[in-house]
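Data first, discussion second: the structure below is written as structure tokens.
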Amino acid sequence: MMWLWTSSLNFVLAILQLGFNLLVLIAVASDRRLHTNIHLLSTSLWVCNSITAIVTIFFSLNPSQCLEVPCFQHQQLPKQLVDMKSRSFAELEKFPALTTAILLNSTISLLTLLTIGFVHALARHNYHLSRSQLSRLIGSTWLLVTLLLLSDFFLIRLSRSFVLAVPFHLALLSVFLVLNLIIHPLNLIQLIISQRLSPELQENSQTIRLKKDCATASLWLLLNSLSFIIIFMMVAWESKEKDQYNSIMGIEVAAFSVHCVANPLIAVIRDRQLERSLSRIIMRNKRPRTNHEEDLIIALMRDPPPPYTE
């Protein structure tokens, strides 16, 4: 019964996650004023959130197939791998697609945030990337993620389980997280110090915008760090009772999905231009339409005809 409630909760959160992230993507793509560095880099966050939402929707609609016998159960495993697998990773193999989507989401999120921090560090020294350089950065991020996923699949084929792939991926995510925790607070602290030392920078629009973007990226990093802790909980949790583990797994997936909804919400709240673009998309079909006579009256009131002369 508990698993049914958690599946319903995950389904609702996944629908909200998919709809909200797609709306933010459309808003950024449709407004040329939003084609800035942070908006273009953050599109990777919204894309991976949408992918995770789609996987979670299928996972919630048909959870029974996810609870079948673990993958690779009939394979012959070495004794050392069997012992390691029985301790922690056997339960994750019941959710291979969901586990892969969660690892993909965390990898893209942390790498994108690291790229944003790197771009902000360059902007502090008045070096701004061109559109082609930014495109290469985004492409390099996705290429690195693809290589990491291929290495994970290679380790899964080698060990015939998740026993090597999950620790390897978590170790890489730990490195990315530590680098993010260094560069983002450093950018924010140095901007605050430079503004206090140079009062003219307090009125500089570019400095104010950069400080706001750094604070937004730091908030994103905070939520992604909490989600990373949840991933460790999903891996480290051990329970002999199957139903209890499945319920806990569903709750942890719901907790992980929170940052996928909260991050675009933070972006909309802290960016007026993005908020206006999003409201135009939502309210486009809700504006009342006037008929031809009303349009003519409004036009005459705005631009009255010249006075009649003989």
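In plain terms, the two heavy atoms of Gln17 and Ser257 that are nearest each other are OE1-CB, 3.7 Å. Minimum interatomic distance between Leu113 and Leu221 (heavy atoms only, all atoms of both residues): CD1-CA, 3.8 Å. Residues Arg270 and Leu219 come closest through the heavy atom pair CD-CD1, 3.8 Å. Here the closest heavy-atom approach between residue Asp152 and residue Phe168 is recorded as OD1-CD2, 3.5 Å. Nearest heavy-atom pair, Ile156 versus Ala165, reported as atom, atom and distance to 0.1 Å: CG1-CB, 3.7 Å. When every heavy atom of Val24 is checked against every heavy atom of Pro264, the shortest pair comes out as CG2-CB, 3.9 Å.
Of the residues Thr115, Ile108, Leu110, the one that meets the side-chain contact (heavy atoms from CB on, under 4.5 Å) test with Thr112 is Ile108.
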Quiz item: Is there a side chain to side chain contact (heavy atoms under 4.5 Å, CB included) between Ser106 and Ser227 once you walk through the steps?
Solution: CA-CA 8 Å; Ser106 296; Ser227 298; 5.6 Å; no
Quiz prompt | Derivation of the salt bridge (Lys or Arg N to Asp or Glu O under 4.0 Å) call for Arg280 and Asp31 | solution = CA-CA 10 Å; Arg280 280 198 302 270; Asp31 195 343; 3.2 Å; yes
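For Thr36 and His39, the side-chain atoms include at least one donor-acceptor pair closer than 3.5 Å. Under the 3.5 Å distance criterion, with hydrogens and angles disregarded, a donor-acceptor pair is assigned to the side chains of Asn49 and Asn105. A donor-acceptor contact under 3.5 angstrom links the side chains of Arg276 and Gln273, judged on distance only. Under 3.5 Å, the side chains of Ser218 and His184 contain no donor-acceptor pair of N or O atoms. A donor atom on one side chain and an acceptor atom on the other are not found under 3.5 Å apart for His120 and Asn187.
The distance from the OG atom of Ser225 to the CH2 atom of Trp220 is 14.0 Å, given to the nearest 0.5 Å. The structure places NZ of Lys212 at 14.5 Å from CG of Leu191, a figure rounded to the nearest 0.5 Å. The line from CG of Leu41 to CG of Leu114 is 11.0 Å long, rounded to the nearest 0.5 Å. The OG atom of Ser42 lies 10.5 Å from the CG atom of Asn37; values are rounded to the nearest 0.5 Å. Between Phe176 atom CZ and Asn224 atom CG the span is 13.5 Å, to the nearest 0.5 Å.
Ser151 contributes a side-chain N or O that, together with a main-chain N or O of Leu148, makes up a donor-acceptor pair within less than 3.5 Å. A donor-acceptor pair under 3.5 Å is absent between the side-chain atoms of Ser50 and the main chain of Leu18, judged by distance alone. At distances below 3.5 Å, not a single donor-acceptor pair connects side-chain atoms of His35 with backbone N or O atoms of Leu40.
At most 12 non-hydrogen atoms from other residues, nucleotides or ligands lie less than 6.0 angstrom from CZ of Phe118.
Grouping the Ile, Leu, Val, Met, Phe, Trp and Tyr side chains by contacts below 4.5 angstrom, directly or via other members, places Ile138 with Ile38.
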